[in-house]
Colleague: 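Starting off with a structure, shown below.
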There are 2 protein chains.
Amino acid sequence: MSKRVPNPKCASCGSRHKSVFCSLNSEQLIELDEEKSCDIYSKGEAIFKEGSYPRGLFCVNKGKVKLSRTGAEGKEQILRFAKAGDVMGYNSMLSNKPLAATATALEDASICFIPAKEFFSLLKDDPRFSLNMLELTAKNWHTASRLLTDMAQKSSKQRLAEMLLWLKETFGLDEDDCIDVKLSREEIASMVGTATEAVIRLLSDLKKKGLIHLDGKKIQLVDIHGLATLAELND
Amino acid sequence: MSKRVPNPKCASCGSRHKSVFCSLNSEQLIELDEEKSCDIYSKGEAIFKEGSYPRGLFCVNKGKVKLSRTGAEGKEQILRFAKAGDVMGYNSMLSNKPLAATATALEDASICFIPAKEFFSLLKDDPRFSLNMLELTAKNWHTASRLLTDMAQKSSKQRLAEMLLWLKETFGLDEDDCIDVKLSREEIASMVGTATEAVIRLLSDLKKKGLIHLDGKKIQLVDIHGLATLAELND
DNA sequence: GGTGGAATATGACAAATATCATACTTATCA
DNA sequence: TGATAAGTATGATATTTGTCATATTCCACC
């Protein structure tokens with residue numbers, strides 16, 4: 001299970017300026033520090049599960065998280081990822097519906113928890129925070145509408161290329177141009193919406209074409225422009 | 001082109017109570033009436049186009065609208081629908097990104113337009129309105145995450161059944177249990193994410209199974225429970 | 001530093017779906 | 001009202017993708 005740790009201070013959180021909390025003043029930050037708690041989750045552990053109701057907002061302090069949904073046949077579908085500074089669980093609280101996704105730590109992660117009461121009090125009292133949240137949910141729609149179109153219209157090869165580029169945008173590349181997150185072929189398959197075997201075949205296809213290089217779970221992007229072309233054009 | 005018509009009054013708009021404007025007081029409604037304008041769009045006409053930046057919020061007064069996106073190969077993908085009381089264009093304004101979708105009138109429609117300035121002033125001054133908007137965008141995510149999972153994992157037959165039920169939820173049934181919107185097979189195909197021919201075949205399949213009845217563009221839902229079962233279970 | 005189990009890889013085949021060709025049917029408008 | 005286009009329908013075929021079987025490799029754990 002997760003274990004409680006001393007709260008990191010919001011004011012000194014390196015990710016705050018890129019987060020929805022960027023516009024909070026020092027007084028609000030101190031109040032957040034008092035109200036929140038922080039837990040460590042180890043790799044593979046669930047932070048919350050779809051179908052339940054969250055009692056507050058989750059904010060990633062450290063680590064990488066996948067948000068996924070269980071489809072009709074029990075198959076996992078990865079919807080998005082969260083990294084330091086990203087918040088989770090807000091859609092459920094704002095729409096008063098059960099959580100649409102399960103959040104799972106992809107590596108050991110520390111996650112702050114802000115009680116619903118505090119979250120809603122920020123929304124009520126601070127229009128700038130409301131606007132930040134609105135901007136966030138609106139951007140989500142942008143991403144979702146694009147993903148939806150891709151899922152509906154593109155081949156699995158195109159979708160794989162797309163997802164590799166998406167992973168690059170989300171987690172960046174390390175010094176060797178490798179995507180900076182470790183995912184199993186099965187997890188990649190549940191992003192792309194295809195079978196694990198297909199992902200394996202398609203990845204070695206991309207390797208053969210010189211677009212990527214593979215070394216275990218490490219995926220090196222050799223020709224990003226080529227990947228983008230592949231993702232857009234049909235062959 | 002669309003033509004300007006006298007503004008309908010927000011206070012007497014039958015759809016207002018189910019809309020994001022439900023919590024506005026009479027003073028706010030009068031201000032809205034003063035600031036907004038209203039246009040008539042005929043069937044097939046575009047209300048706004050993806051890629052452009054909206055100067056305000058669109059609100060459907062009367063008629064049915066489809067919101068769609070153009071995929072890589074120029075193929076249309078229908079993302080959602082809007083009917084009386086629904087607002088459009090907010091995601092783009094809130095995220096300061098170009099419009100993700102094109103809005104097209106499915107039948108003659110009257111659409112109110114609320115300038116951005118008025119929209120943002122409501123957001124800034126009325127926390128209840130902000131919360132309504134947040135609730136709306138959060139619900140959109142719920143819908144999108146489900147659609148995304150369906151697109152990625154379900155067969156085209158299952159997706160078609162799903163879409164028929166979605167249309168029923170959105171537009172309801174008329175006195176003959178027919179879905180109360182007229183869509184071409186091609187449009188249905190661009191919801192389901194498949195070829196027009198496939199939709200034609202699958203529809204006559206559903207008819208043969210006694211789940212629906214067809215009469216031109218009219219689709220009568222004979223066995224809703226059966227459709228729901230088909231949408232969930234793989235044969 | 002082996003060893004068992006999971007993850008990855010590859011082949012063969014089946015099923016689903018797209019594509020193309022071609023009727024047929026229904027709207028639309030001069 | 002008849003001409004013409006658009007939409008609907010159906011068959012044949014090619015392609016993509018899923019599924020199952022079976023190696024092979026990797027890796028955590030004793």
Side-chain angles (χ1 to χ4, degrees), chain A residues 42-44 71-77 106-108 150-163 181-208 212-220 230-231 233-235, chain B residues 42-44 66 71-77 104 106-108 150-163 181-208 212-220 230-231 233-235:
Chain A
S42 43
K43 182 180 171 176
E73 238 98 309
K75 200 158 67 172
E76 175 187 49
Q77 180 64 38
L106 287 171
E107 52 189 49
D108 294 359
D150 288 347
M151 279 294 173
Q153 301 190 351
K154 288 187 177 174
S155 70
S156 54
K157 187 183 289 186
Q158 290 180 298
R159 297 203 306 270
L160 175 60
E162 197 87 69
M163 294 300 166
V181 65
K182 283 213 166 72
L183 295 171
S184 68
R185 301 292 191 259
E186 193 178 358
E187 283 173 316
I188 297 174
S190 62
M191 295 176 67
V192 176
T194 190
T196 308
E197 296 95 319
V199 167
I200 292 168
R201 276 181 247 261
L202 292 170
L203 278 176
S204 64
D205 242 48
L206 295 181
K207 183 181 172 182
K208 227 173 282 171
I212 62 171
H213 198 268
L214 296 169
D215 176 18
K217 287 208 190 342
K218 295 186 94 176
I219 301 175
Q220 184 186 27
L230 180 65
L233 274 57
N234 221 335
D235 268 42
Chain B
S42 44
K43 182 180 171 176
K66 70 173 171 185
E73 237 98 310
K75 201 157 66 172
E76 175 186 51
Q77 180 64 38
T104 312
L106 288 171
E107 52 188 49
D108 294 359
D150 288 348
M151 279 295 172
Q153 301 190 351
K154 288 186 177 175
S155 70
S156 52
K157 188 182 290 186
Q158 289 179 299
R159 297 203 307 270
L160 174 60
E162 197 87 68
M163 293 302 168
V181 65
K182 282 211 166 73
L183 295 171
S184 69
R185 302 291 191 256
E186 194 179 357
E187 283 172 318
I188 297 174
S190 62
M191 295 176 66
V192 175
T194 189
T196 309
E197 296 96 318
V199 166
I200 291 168
R201 277 180 246 263
L202 292 169
L203 278 176
S204 65
D205 240 49
L206 295 181
K207 182 182 172 180
K208 227 174 282 171
I212 62 173
H213 199 268
L214 296 170
D215 177 17
K217 287 206 189 346
K218 295 186 93 175
I219 301 174
Q220 183 186 27
L230 179 65
L233 274 58
N234 221 335
D235 270 43

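Within every chain, numbering begins at 1; the chains are lettered A, B, ... in the order of the sequence lines, protein sequences first and strands thereafter.
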Colleague: Please state how far atom CG in A:L160 lies from atom P in D:dG18, giving the value in whole angstrom units.
Modeller: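 Answer to the nearest Å: 12 Å.
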
Colleague: Taking C-beta and beyond as the side chain, do A:T196 and A:I188 meet within less than 4.5 Å on heavy atoms?
Modeller: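 Answer no - side chains too far apart.
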
Colleague: Given C:dA9, is OP1 or OP2 found less than 4.0 Å from the side-chain N or O atoms of A:R185?
Modeller: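 True: A:R185 side-chain N/O within range (under 4.0 Å) of C:dA9 OP1/OP2.
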
Colleague: Using only side-chain N and O atoms of A:K217, determine if any of them is under 4.0 Å from OP1 or OP2 of C:dT8.
Modeller: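 Result: yes.
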
Colleague: Measure from NZ on A:K43 to P on D:dA28 and round the result to the nearest Å.
Modeller: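 Rounding to the nearest Å, NZ of A:K43 and P of D:dA28 are 8 Å apart.
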
Colleague: Between atom CD in B:E73 and atom C1' in C:dT19, what is the gap in whole Å?
Modeller: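 From B:E73 CD to C:dT19 C1': 13 Å.
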
Colleague: Return whichever of A:E197 or A:K154 has its heavy-atom-nearest nucleotide of DNA chain D closer to the 5' end.
Modeller: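 Of the two residues, A:K154 wins.
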
Colleague: In whole Å, what is the span from the CG atom of B:D205 to the C1' atom of D:dA9?
Modeller: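 From B:D205 CG to D:dA9 C1': 13 Å.
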
Colleague: Ignoring backbone atoms, establish whether B:S155 has a side-chain N or O less than 4.0 Å from OP1 or OP2 of C:dA16.
Modeller: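 False: B:S155 side-chain N/O out of range (4.0 Å or more) of C:dA16 OP1/OP2.
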
Colleague: For DNA chain D, whose closest nucleotide is more 5', that of A:A198 or that of B:I200?
Modeller: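 Mapping each residue to its closest nucleotide by heavy atoms, the 5'-most match is B:I200.
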
Colleague: Starting from the 5' end of DNA chain C, give me the residue, B:R159 or A:L214, whose nearest nucleotide shows up first.
Modeller: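 Nearest-nucleotide comparison on DNA chain C picks A:L214.
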
Colleague: Kindly indicate whether the side chain of A:M191, heavy atoms from C-beta on, has any atom under 4.5 Å from the side chain of A:L183.
Modeller: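 Touching, per the 4.5 Å side-chain cut-off.
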
Colleague: Over how many whole Å does the gap from B:L203 atom CG to D:dT8 atom P extend?
Modeller: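 Result: 10 Å.
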
Colleague: Using the side-chain heavy atoms of A:R201, tell me which of these nucleotides is nearest: C:dA12, C:dT17, D:dA12.
Modeller: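 Taking heavy atoms from C-beta onward, the closest nucleotide is C:dA12.
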
Colleague: For A:L206 and C:dA9, give me the distance from atom CG to atom P, rounded to whole Å.
Modeller: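 Answer to the nearest Å: 13 Å.
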
Colleague: Considering every strand and a 4.0 Å limit on heavy-atom distances, what is the contact class for B:T196: base, sugar-phosphate, or nothing?
Modeller: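 Nothing: the residue B:T196, judged by heavy atoms under 4.0 Å, touches no strand.
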
Colleague: Please determine whether a side-chain nitrogen or oxygen atom of A:S184 lies at a distance below 4.0 Å from atom OP1 or OP2 of C:dA7.
Modeller: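 Result: no.
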
Colleague: Going by an N to O cut-off under 4.0 Å, is there a salt bridge joining A:E162 and A:K154?
Modeller: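 Result for this pair is yes, salt bridge flagged.
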
Colleague: Would you check if A:L214 and A:L206 make a side-chain contact, meaning some heavy-atom pair closer than 4.5 Å?
Modeller: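 The answer is no, as the side chains (C-beta and beyond) never meet within the 4.5 Å cut-off.
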
Colleague: What's the CD-P distance between A:Q153 and D:dT16, to the nearest Å?
Modeller: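 Interatomic distance, CD of A:Q153 to P of D:dT16: 17 Å.
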
Colleague: Does the distance from a Lys or Arg side-chain N to an Asp or Glu carboxylate O, for B:K217 and B:E187, drop under 4.0 Å?
Modeller: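 No.
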
Colleague: Whole angstroms only, please: what is the NZ-C1' distance between A:K207 and C:dT10?
Modeller: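 Taking atom C1' of C:dT10 as the reference, NZ of A:K207 is at 14 Å.
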
